[in-house]
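Notes for the one structure printed next.
Keep in mind that this is a model prediction, so the values were computed, not measured.
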Amino acid sequence: KPVKLAGRGTILAYDMPGPRGAPTLLLLHGLGASGLLNWFPAFRATGARITYIADDWLEVRVRLALTWRTRNYVGTIFGGSLYGAVDPIYMVMLIRALGPEFVVWDQAATIRFLRPGRSTLHATFRLEPEAVAAIAADARTQGRVTRDFEIELVDGARIRVNDDVS
């Protein structure tokens with residue numbers, strides 16, 4: 001349930017019963033947002049980690065490190081990890097931003113590789129409030145809306161490794 005914290009915004013709180021007399025553990029933002037996604041088995045298997053989620057879900061940042069789990073046969077980041085790291089993010093952002101009145105599906109995606117991922121990669125996902133409002137308005141009037149979003153995966157030197165993930 002949403003809980004307002006003075007000077008900190010609103011958090012999502014989960015009340016989970018535990019053993020009688022057990023100490024209370026409160027994780028702010030980690031469990032309620034990025035933690036739940038980072039531990040989701042399909043996302044966790046990509047090797048990516050969500051490093052930031054804005055309180056309003058209009059910005060999310062993802063990190064994908066080159067590790068033994070993400071390394072392909074030739075020593076660069078596996079294309080499936082690149083794709084899987086970014087695939088669900090805009091869908092989840094829109095689900096959270098639009099609320100329960102709307103059904104959001106991720107229908108299609110493409111990726112074109114520009115160069116191999118040879119180090120940790122980062123992606124920043126942003127939705128403008130006006131874009132979310134326009135999607136909601138269009139969905140109410142048209143019944144169905146399709147939008148394309150581009151995503152850049154960049155290394156520490158801000159070099160893009162993909163041309164298009166949409």
Side-chain angles (χ1 to χ4, degrees), residues 1-16 26-64 70 77-115 117 121-155 158-166:
K1 68 180 181 178
V3 176
K4 290 187 186 253
L5 299 176
R8 304 248 335 172
T10 302
I11 66 165
L12 187 59
Y14 292 88
D15 185 10
M16 295 182 232
L26 178 63
L27 301 175
L28 298 178
H29 195 62
L31 173 63
S34 59
L36 290 177
L37 290 173
N38 281 334
W39 285 97
F40 181 67
F43 187 75
R44 187 159 184 78
T46 70
R49 296 297 174 262
I50 294 170
T51 60
Y52 173 79
I53 299 176
D55 290 341
D56 59 7
W57 283 80
L58 296 182
E59 182 175 336
V60 174
R61 297 180 204 144
V62 172
R63 175 182 49 82
L64 178 61
T70 62
I77 296 179
F78 171 59
S81 289
L82 293 169
Y83 183 83
V86 300
D87 177 52
I89 305 303
Y90 273 120
M91 181 187 76
V92 173
M93 290 172 71
L94 284 167
I95 288 170
R96 297 301 301 250
L98 291 168
E101 177 185 349
F102 298 92
V103 175
V104 179
W105 285 100
D106 187 359
Q107 290 186 312
T110 60
I111 187 167
R112 191 170 75 103
F113 304 108
L114 294 175
R115 59 189 52 84
L121 303 177
H122 302 271
T124 299
F125 303 78
R126 287 190 185 92
L127 291 170
E128 296 300 322
E130 300 80 16
V132 174
I135 290 169
D138 289 349
R140 284 187 186 103
T141 59
Q142 300 168 21
R144 181 182 184 126
V145 177
T146 301
R147 293 288 190 272
D148 291 327
F149 298 97
E150 289 192 11
I151 304 160
E152 292 182 356
L153 282 161
V154 296
D155 65 11
R158 306 295 300 165
I159 296 172
R160 284 179 71 172
V161 299
N162 71 300
D163 184 34
D164 216 356
V165 179
S166 58

Please give me the minimum heavy-atom distance between [X] and [Y], naming the atom from each residue.
X	Y	answer
Tyr83	Ala109	OH-CB, 3.1 Å
Val132	Ala97	CG1-CB, 4.0 Å
Ala123	Leu153	CB-CD2, 3.9 Å
Ala85	Val62	O-CG1, 3.9 Å
Arg61	Thr124	CG-OG1, 3.8 Å
Thr70	Thr46	CG2-O, 3.5 Å

To the closest 0.5 Å, what do you measure between [atom1] ([X]) and [atom2] ([Y])?
X	Y	atom1	atom2	answer
Asp155	Arg115	CG	CZ	8.5 Å
Asp56	Leu127	CG	CG	9.0 Å
Leu82	Ile151	CG	CD1	11.5 Å
Phe149	Ile89	CZ	CD1	13.0 Å
Arg96	Leu58	CZ	CG	11.5 Å
Thr146	Ile135	OG1	CD1	10.5 Å

Parallel, tilted or perpendicular: ring planes of Tyr90 versus Phe125, cut at 30 and 60 degrees: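 The rings of Tyr90 and Phe125 stand perpendicular, inter-plane angle above 60°.
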
Salt bridge (charged side-chain N to carboxylate O under 4.0 Å, His left out) contacts touching residues 124-133 (sequence neighbours left out): Glu59-Arg126

Listed partners of Arg49 passing side chain to side chain contact (heavy atoms under 4.5 Å, CB included), at least two apart: Asn38, Arg44, Arg63, Arg69

With Ala139 via side chain to side chain contact (heavy atoms under 4.5 Å, CB included) - residues at least two apart: Phe102, Val145

For Glu101, side chain to side chain donor-acceptor pair (under 3.5 Å) partners two or more places apart: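 With neighbours one apart ignored, the set is Arg140.
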
Partner residues of Asp138 under the side chain to side chain donor-acceptor pair (under 3.5 Å) criterion, sequence neighbours left out: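 Residues passing side chain to side chain donor-acceptor pair (under 3.5 Å) with Asp138: Arg147.
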
Sequence-distant partners of Phe78, ring pair (Phe, Tyr, Trp, His ring centres under 6.0 Å), two or more places apart: none

